[in-house]
Amino acid sequence: MKRSQKQRKQSRNSKNSDDITEHHSKLLLERFPYSIKDLQFREVPTLHVNQDFFLDPFKTIDDLYAKGYEKFGIVKLLLPSELIVPEKKFFSDLEMKLKGKRVETRVQTLNQLQAGEIFGSNIVGFTLQEYMSYANKFECSYKLQGAREVSNQIRQNEIEFWSIVDFPDRYDEVEVEYAADLLATKYATGFQDGQLGNLSTINKNCNSIFQVLQEKNEMSGISVPWLYLGMKYANFCWHKEDLNLNSLNYMHAGAPKTWYAIPPSHSEKFLQYFNKKYEKERIHNPRLLYDIVCQISPIELAEQQISIIRTEQHPGELIITLGATYHAGFSHGFNCSEAVNVAPTQWLDEYDRASTEYRMDGNYKKVSFPLEWLLTKVVLMADQVKFTKQSWIKLSDKFKMMIQSEIDNRNSIIALYEQVKIVEFANKLEKYDRNVCKICSNYMFFSYIFCGKCLKKGCIAHQSVCACSNPKISLYIRYNSEELQTMLTTLESKANSKTMQ
């Protein structure tokens with residue numbers, strides 16, 4: 001929706017999905033401050049894959065790492081055209097699956113995307129048909145606010161989008177709505193029954209650490225796919241995936257998206273620039289980066305010598321992000337995509353990098369789940385899950401480092417305090433989120449220390465949990481040292497096996 005800057009904003013709770021304001025009435029249009037020359041970036045690496053990809057998708061991910069594609073942080077896979085469901089059939093089937101459910105949307109004003117303000121919400125929402133109508137009417141009535149420079153509509157949209165974002169006062173207000181993060185188990189998956197590549201089952205494949213997740217909602221929003229409905233200029237701001245997990249984003253149908261990505265080698269440079277640019281805003285909202293509401297033009301980032309790569313995603317194309325890759329983008333019209341996080345064994349080291357970054361940033365971003373919990377599930381299900389020998393070695397090495405650190409920290413606690421009482425968990429299988437550290441708010445899976453005086457508990461890595469003069473410390477442990485060693489032996493036997501298990 002395009003509005004005059006002086007026009008009063010309406011309440012989002014009572015928004016009519018068919019309320020489309022009239023298009024721009026200016027006759028003499030100035031040139032946009034940006035031109036196509038400003039938006040020339042390296043193309044994201046693009047590969048063709050056949051249907052065999054879906055038989056063993058993590059083999060392809062292994063190959064990407066082996067061939068060095070992680071240095072780009074993002075890859076586009078072109079799938080066989082016969083796998084694409086015709087647009088009309090796709091949206092007809094999706095409408096039947098949604099059964100009239102309404103989806104809430106984020107209300108995004110292009111002129112305010114650099115301000116770092118939390119998006120509004122349309123809590124009334126839309127049905128699929130209502131959103132489709134809203135998106136199509138917006139696109140049909142929309143008129144450029146500057147002189148057309150190129151005939152390619154996608155590239156022209158880019159020029160206008162970033163011109164409005166970076167020079168908001170020069171243009172009338174443009175407001176769009178984005179139906180994002182629609183949990184597939186709650187709403188619907190866009191994949192057809194039996195369709196190859198269903199992201200709902202991709203984490204059950206060999207070499208996926210998430211094989212061990214048995215319940216559908218065991219980690220909602222990470223191992224369970226999200227559905228996305230977009231419209232022209234609906235956008236996703238700069239962010240990395242939780243814990244630097246890999247992600248797969250498949251476009252089902254509709255208009256294309258433009259993606260921008262920052263290779264992992266420039267991740268730290270981006271973070272430094274973001275913190276400097278939003279220094280004042282972060283005083284009031286230290287979580288600003290993690291709220292994913294700040295859009296910085298790739299032109300501005302490139303001027304800071306931050307490397308940018310770009311691509312366009314069309315139906316039937318799969319975008320894979322690898323590791324610590326910041327990415328952003330926007331849609332060029334009504335479309336539908338679906339995304340999920342995946343955890344190949346190459347991701348194990350990324351967990352440590354991400355959790356360290358969260359800690360250094362004041363723990364404003366909470367670790368989504370403890371790696372100790374995930375790898376313990378691998379051990380307990382070692383005869384049910386499938387990994388290649390190389391992956392078992394990585395899992396074994398990581399678990400060995402983990403339990404060595406755990407035992408060292410326990411010994412330090414025992415040496416530091418007098419008469420430490422050691423208590424084993426009554427239920428070793430209790431969920432990982434039952435115990436949260438008082439200091440860093442992270443989950444404590446293997447163990448925690450508890451002061452009987454002030455009743456505070458925290459991670460054993462902190463060594464101390466309170467300021468009591470004579471703390472009464474208990475060390476609570478889920479598994480004793482012998483049990484941890486037995487678990488390691490299980491992984492080592494898998495790693496030393498001659499065949500894939």
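The structure presented is a predicted model; accordingly, all values stated were derived computationally and were not measured. Counting from 1, the numbers follow the sequence of the chain as shown.
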Colleague: With under 30° as parallel and over 60° as perpendicular, where do the rings of Phe330 and Trp162 fit, or are they tilted in between?
Modeller: perpendicular

Colleague: Distance check, rounded to the nearest 0.5 Å: Asp397 atom CG versus Lys394 atom NZ?
Modeller: 10.0 Å

Colleague: Applying ring-ring contact (aromatic ring centres under 6.0 Å, His included), can you list everything that pairs with Tyr476, at least two apart in sequence or on another chain?
Modeller: Tyr448

Colleague: Could you check Val423 against Phe450 for side-chain contact (heavy atoms from CB on, under 4.5 Å), going step by step and ending with a plain yes or no?
Modeller: CA-CA 10 Å; Val423 183; Phe450 173 79; over 6 Å; no

Colleague: Would you say the side chains of Asn203 and Ser223 form a donor-acceptor pair under 3.5 Å?
Modeller: no

Colleague: Inspect the surroundings of NZ in Lys453 and state if more than 12 heavy atoms from other residues, nucleotides or ligands are less than 6.0 Å away.
Modeller: yes

Colleague: What I want to find out is whether Lys494 reaches Asp383 closely enough, with some N-O distance under 4.0 Å, to be called a salt bridge.
Modeller: yes

Colleague: Under the rule for ring-ring contact (aromatic ring centres under 6.0 Å, His included), what residues qualify as partners of Trp259, not counting sequence neighbours?
Modeller: Phe236, His327

Colleague: Examine the side chains of Tyr443 and Asn435 and answer whether a donor and an acceptor come within less than 3.5 Å of each other.
Modeller: no

Colleague: Has Lys389 got a side-chain atom pairing as donor or acceptor with Ser497's backbone, closer than 3.5 angstrom?
Modeller: yes

Colleague: For Tyr178, is there any backbone N or O sitting under 3.5 Å from a side-chain donor or acceptor partner on Arg106?
Modeller: no

Colleague: Does the pair Lys59 and Asp52 meet the rule for a salt bridge (charged side-chain N to carboxylate O under 4.0 Å, His left out), with working shown?
Modeller: CA-CA 10 Å; Lys59 182 180 185 302; Asp52 291 343; over 6 Å; no

Colleague: What is the distance from atom CD1 of Ile449 to atom NZ of Lys456, rounded to the nearest 0.5 Å?
Modeller: 12.0 Å

Colleague: Atom CD of residue position Gln419 - does it have more than 12 heavy atoms of other residues, nucleotides or ligands inside 6.0 Å?
Modeller: no

Colleague: To the nearest 0.5 Å, what is the distance between CG (Asp352) and CG (Asn244)?
Modeller: 10.5 Å

Colleague: Taking all heavy atoms of Lys269 and all of Gln304, pick out the closest pair and write down the distance.
Modeller: CD-O, 3.9 Å

Colleague: Could you give the distance from CD1 (Ile296) to CG (Leu113), rounded to the nearest 0.5 Å?
Modeller: 11.5 Å

Colleague: Going through the checks in order, is the side-chain contact (heavy atoms from CB on, under 4.5 Å) test met by Arg359 and Cys440?
Modeller: CA-CA 8 Å; Arg359 184 171 62 253; Cys440 66; over 6 Å; no

Colleague: Can you label the angle between the Phe446 ring and the Phe399 ring as parallel, tilted or perpendicular, going by 30° and 60°?
Modeller: perpendicular

Colleague: Using a cut-off of 6.0 Å, state whether more than 12 heavy atoms not belonging to Glu43 lie near its atom CD.
Modeller: yes

Colleague: Provide the closest heavy-atom pair for Cys466 versus Pro471 in the form atom of the first, atom of the second, distance.
Modeller: SG-CB, 4.1 Å

Colleague: Without hydrogens or angle criteria, can the side chains of Asn341 and Asp242 be said to hold a donor-acceptor pair below 3.5 Å?
Modeller: no

Colleague: Classify the ring geometry of His252 against Phe191: parallel below 30°, tilted from 30° to 60°, perpendicular beyond 60°.
Modeller: perpendicular

Colleague: Measuring only between side-chain heavy atoms, which start at C-beta, is Leu213 closer than 4.5 Å to Val224?
Modeller: no

Colleague: Which heavy atom of Cys206 sits nearest to which heavy atom of Phe58, and what is that distance?
Modeller: O-CB, 3.3 Å

Colleague: If we ignore angles and hydrogens, is there a donor and acceptor under 3.5 Å between the side chains of Asp361 and Tyr290?
Modeller: yes

Colleague: Hey, is the main chain of Trp392 close enough, under 3.5 Å, to the side chain of Ser396 for a donor-acceptor pair?
Modeller: no

Colleague: Taking Glu177 for its side chain and Thr105 for its backbone only, find out whether a donor-acceptor pair lies under 3.5 Å.
Modeller: no

Colleague: Pairing donors with acceptors under 3.5 angstrom, does anything connect the side chains of Glu300 and Tyr273?
Modeller: yes

Colleague: Which heavy-atom pair separates Cys237 from Val293 by the least distance, and what is that distance?
Modeller: SG-C, 3.6 Å

Colleague: Let me confirm one number: the OG-OH distance from Ser464 to Tyr417, rounded to the nearest 0.5 Å.
Modeller: 3.5 Å

Colleague: Just how far is it from atom CG of Asn249 to atom CG of Leu318, taken to the nearest 0.5 Å?
Modeller: 7.5 Å

Colleague: Might you confirm whether atom NZ of Lys97 has over 12 heavy atoms from other residues, nucleotides or ligands at distances under 6.0 Å?
Modeller: yes

Colleague: Hey, mind stepping through Phe210 and Ile222 against side-chain contact (heavy atoms from CB on, under 4.5 Å) and telling me if it holds?
Modeller: CA-CA 10 Å; Phe210 288 163; Ile222 294 182; 3.9 Å; yes

Colleague: Please list, chain by chain and in numerical order, all residues satisfying ring-ring contact (aromatic ring centres under 6.0 Å, His included) with Phe54, sequence neighbours excluded.
Modeller: none

Colleague: Would Gln114 and Asp166 count as having a side-chain donor-acceptor pair, cut-off 3.5 Å?
Modeller: yes

Colleague: Please confirm whether the backbone N or O of Ser208 pairs with a side-chain atom of Gln211, one donor and one acceptor, at under 3.5 Å?
Modeller: yes

Colleague: State, to 0.1 Å, how close His314 and Ile154 come at their nearest heavy-atom pair, and which atoms those are.
Modeller: CE1-CD1, 4.2 Å

Colleague: Under the salt bridge (charged side-chain N to carboxylate O under 4.0 Å, His left out) rule, what do Glu357 and Arg353 come out as? Steps first, then yes or no, please.
Modeller: CA-CA 6 Å; Glu357 181 180 306; Arg353 294 190 187 99; over 6 Å; no

Colleague: Should we say atom OH of Tyr69 is surrounded by more than 12 heavy atoms from elsewhere, each under 6.0 Å from it?
Modeller: no

Colleague: Do Lys398 and Leu371 have side chains that get closer than 4.5 Å, going by heavy atoms?
Modeller: yes

Colleague: Ring pair (Phe, Tyr, Trp, His ring centres under 6.0 Å) between Tyr233 and Phe161: does it pass, once the steps are laid out?
Modeller: CA-CA 7 Å; Tyr233 292 156; Phe161 180 87; 5.6 Å; yes

Colleague: Step by step, work out the salt bridge (charged side-chain N to carboxylate O under 4.0 Å, His left out) result for Glu372 and Arg478.
Modeller: CA-CA 11 Å; Glu372 297 91 337; Arg478 188 181 296 263; over 6 Å; no

Colleague: Tell me if the NZ atom of Lys71 is crowded by more than 12 foreign heavy atoms within 6.0 Å.
Modeller: no

Colleague: Hey, are Ser391 and Asn207 close enough side-chain-wise for a donor-acceptor pair under 3.5 Å?
Modeller: yes

Colleague: Minimum heavy-atom separation for Ser331 and Lys257, please, with both atom names.
Modeller: OG-CG, 3.5 Å

Colleague: Would Lys277 and Glu281 satisfy salt bridge (charged side-chain N to carboxylate O under 4.0 Å, His left out), going step by step from the backbone distance to the final call?
Modeller: CA-CA 9 Å; Lys277 179 180 177 69; Glu281 291 81 358; over 6 Å; no

Colleague: Relative to each other, are the rings of Trp347 and Phe369 parallel, tilted or perpendicular (30° and 60° limits)?
Modeller: tilted

Colleague: Counting only heavy atoms from other residues, nucleotides and ligands, does the tally under 6.0 Å from CG of Asp193 exceed 12?
Modeller: no

Colleague: For atom NZ of Lys428, decide whether the heavy atoms of other residues, nucleotides or ligands shown that lie under 6.0 angstrom number more than 12.
Modeller: yes

